[in-house]
Amino acid sequence: MPQTLSNLWIQKRRPHWDRLAALLAQSDRSGLRQLTRAELQELALLYRQIAADLSVLRQDPTARTYAAFVNQLLARAHHIIYSGRKTNLLTLYRFLRDEYPRIFQRNIQYVLASLLITGACGLLGVVLTSARPEFMRHFVGPQMIATMERHEMWTQSIVSIAPKETSRIMTNNLTVSFETFAGGISFGLITLYSLFVNGMLLGVIGAACHHYGMSVALWSFVAAHGSLELPSIIIAGAAGLRLGHAMLFPGGYRWKDSLAKGGIEATRLVSGIIPLLVIAGCLEGFFSPSHAPVWLKFTVGGALFLLLNLWLFRPGKVRTQGV
């Protein structure tokens with residue numbers, strides 16, 4: 001690398017090295033736990049960027065001093081990044097109690113987008129099924145339609161095999177949610193398709209049950225577990241959209257760095273729905289198909305939804321974020 005080019009490049013990259021040095025000094029002075037989540041993410045991102053800088057510096061014999069300095073920074077950062085922290089129930093509890101609401105609120109625009117897409121597709125399903133009832137046959141199987149024609153809920157068989165069915169329900173819900181999230185890697189296209197299918201299916205089944213006079217039976221069944229399951233799918237969709245946005249619009253980051261940053265944020269967003277889906281699976285296996293009074297099912301659903309919103313929109317302490 002020519003000397004003049006090396007100087008220009010070094011002037012451009014030096015602020016990033018200084019920023020990494022400042023984060024490392026802060027960690028040495030106050031401890032790793034005092035770094036905010038944003039600062040830890042920034043430290044990891046700078047580590048990857050500066051590792052690439054080191055390979056460039058090593059190609060220029062005149063930049064050996066800078067190469068040694070950068071190599072030392074990377075060695076210190078590597079120790080911090082890969083040292084890891086033990087995870088236990090207490091740290092998980094603190095994450096869910098304090099950090100997750102901030103993550104959710106920070107990504108609220110993606111949550112709203114996921115909600116609007118699902119709601120619009122659900123409304124489309126209702127309109128199409130109401131206008132042409134035979135449309136429902138494209139989305140629900142003949143067995144389900146047969147049970148609705150007999151004014152029976154297709155969920156009645158769950159009660160007799162609740163433990164086994166609960167496990168299957170949890171697995172299915174987790175699979176659907178994580179497929180919706182992971183679909184973001186396709187630039188968000190698979191996530192959009194998943195939200196479309198889920199929304200349409202909800203709308204079609206709702207309209208079909210209304211057509212056969214079974215609305216109360218349907219929504220009393222859905223109320224308890226749906227108060228957690230449906231928001232979980234919306235949040236999984238939001239995580240997928242966050243990932244897709246990072247791939248399509250890297251902004252000031254390099255594409256792979258934008259993907260890494262967006263992937264970390266999306267993963268942390270979707271991680272919070274795991275306990276919700278476990279609770280929803282238990283309710284769907286044992287309580288929702290039971291013979292409990294309709295008013296009790298709606299009351300449980302409403303209470304859970306209220307608690308969910310109190311948690312997700314829980315105000316937290318404002319923490320200073322890294323630049």
Side-chain angles (χ1 to χ4, degrees), residues 9-58 66-87 91-92 94-111 181 184-185 235 238-272 315-323:
W9 183 84
I10 288 173
Q11 289 175 10
K12 180 180 179 181
R13 299 302 303 165
R14 184 60 189 257
H16 299 278
W17 308 342
D18 292 339
R19 176 57 183 164
L20 179 58
L23 289 173
L24 293 173
Q26 182 179 345
S27 175
D28 292 339
R29 183 172 57 253
S30 305
L32 182 60
R33 292 179 180 272
Q34 297 305 311
L35 294 180
T36 66
R37 178 64 62 173
E39 287 170 337
L40 290 172
Q41 291 178 353
E42 183 186 9
L43 190 149
L45 183 60
L46 286 170
Y47 175 82
R48 290 190 294 270
Q49 292 177 335
I50 295 173
D53 293 347
L54 180 60
S55 65
V56 175
L57 287 168
R58 285 174 171 169
Y66 291 110
F69 170 69
V70 168
N71 185 63
Q72 184 181 30
L73 284 178
L74 290 174
R76 294 170 59 196
H78 183 277
H79 174 72
I80 292 177
I81 292 171
Y82 293 100
S83 61
R85 291 195 307 179
K86 293 183 178 179
T87 299
T91 58
L92 289 175
R94 287 174 176 168
F95 168 76
L96 292 173
R97 184 192 65 184
D98 300 323
E99 292 187 48
Y100 189 78
R102 288 198 296 269
I103 297 169
F104 175 84
Q105 293 166 33
R106 190 163 61 237
N107 291 279
I108 192 65
Q109 67 270 32
Y110 300 103
V111 176
F181 154 61
I185 202 69
I235 293 173
L241 295 176
R242 174 68 180 91
L243 182 57
H245 184 270
M247 299 181 68
L248 290 170
F249 305 102
Y253 295 100
R254 292 182 298 182
W255 186 82
K256 65 178 183 179
D257 292 329
S258 175
L259 176 59
K261 180 178 174 61
I264 292 172
E265 185 75 355
T267 301
R268 298 181 72 229
L269 178 61
V270 80
S271 66
K317 296 180 180 179
V318 179
R319 299 177 67 177
T320 304
Q321 303 295 317
V323 179

Derivation of the side chain to side chain contact (heavy atoms under 4.5 Å, CB included) call for Leu24 and Leu43: CA-CA 8 Å; Leu24 293 173; Leu43 190 149; 4.3 Å; yes
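- Rounded to the nearest 0.5 angstrom, Leu46 CG and Glu39 CD are separated by 11.0 Å.
- To the nearest 0.5 Å, the span separating CD on Glu42 from OG1 on Thr36 amounts to 8.5 Å.
- Separation of atoms CD (Gln72) and CG (Leu54) is listed at 12.0 Å; rounding is to 0.5 Å.
- Closest non-hydrogen pair, Gly272 versus Leu96, comes out as CA-CD2, 4.3 Å.
- Side-chain contact between Ile235 and Leu269 is present, with at least one heavy-atom pair separated by less than 4.5 Å.
- The two residues Pro250 and Trp255 come nearest to each other via the heavy atoms CB-CA, 4.2 Å.
- Between Phe95 and Pro101, the shortest heavy-atom distance links the atoms O-CD, 4.5 Å.
- Cation-pi contact between Arg14 and Phe69: present, with separation from the ring centre below 6.0 Å and deviation from the ring axis of at most 45°.
- Judged by distance alone, the side chain of Arg102 and the main-chain N or O of Asp98 form a donor-acceptor pair under 3.5 Å.
- Ala77 and Tyr47 make their closest contact through CB-CD1, 3.6 Å (heavy atoms, listed as atom of the first residue, atom of the second, distance).
- Residue Arg242 comes nearest to Tyr110 through the heavy atom pair CD-CE1, 3.3 Å, listed as atom of the first residue, atom of the second, then distance.
- The aromatic rings of Trp17 and Tyr66 sit tilted, their planes meeting at an angle between 30° and 60°.
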Full working for side chain to side chain contact (heavy atoms under 4.5 Å, CB included) between Ile50 and Leu20: CA-CA 9 Å; Ile50 295 173; Leu20 179 58; 3.5 Å; yes
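- Tyr100 meets the ring pair (Phe, Tyr, Trp, His ring centres under 6.0 Å) test with Trp311; sequence neighbours excluded.
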Residues Arg48, Lys256; criterion side chain to side chain contact (heavy atoms under 4.5 Å, CB included); working and verdict: CA-CA 10 Å; Arg48 290 190 294 270; Lys256 65 178 183 179; over 6 Å; no
Just list the side-chain donor-acceptor pairs under 3.5 Å for residues 257-267, sequence neighbours left out, or say none.
residue, atom, partner, partner atom, Å
Asp257, OD2, Gln49, NE2, 3.3
Asp257, OD2, Arg254, NE, 3.0
Asp257, OD2, Arg254, NH2, 3.3
Ser258, OG, Ala246, O, 2.7
Glu265, OE1, Arg106, NH2, 3.2
Glu265, OE2, Arg106, NE, 2.8
Glu265, OE2, Arg106, NH2, 3.0
Glu265, OE2, Asn107, ND2, 2.8
Thr267, OG1, Gly263, O, 2.7

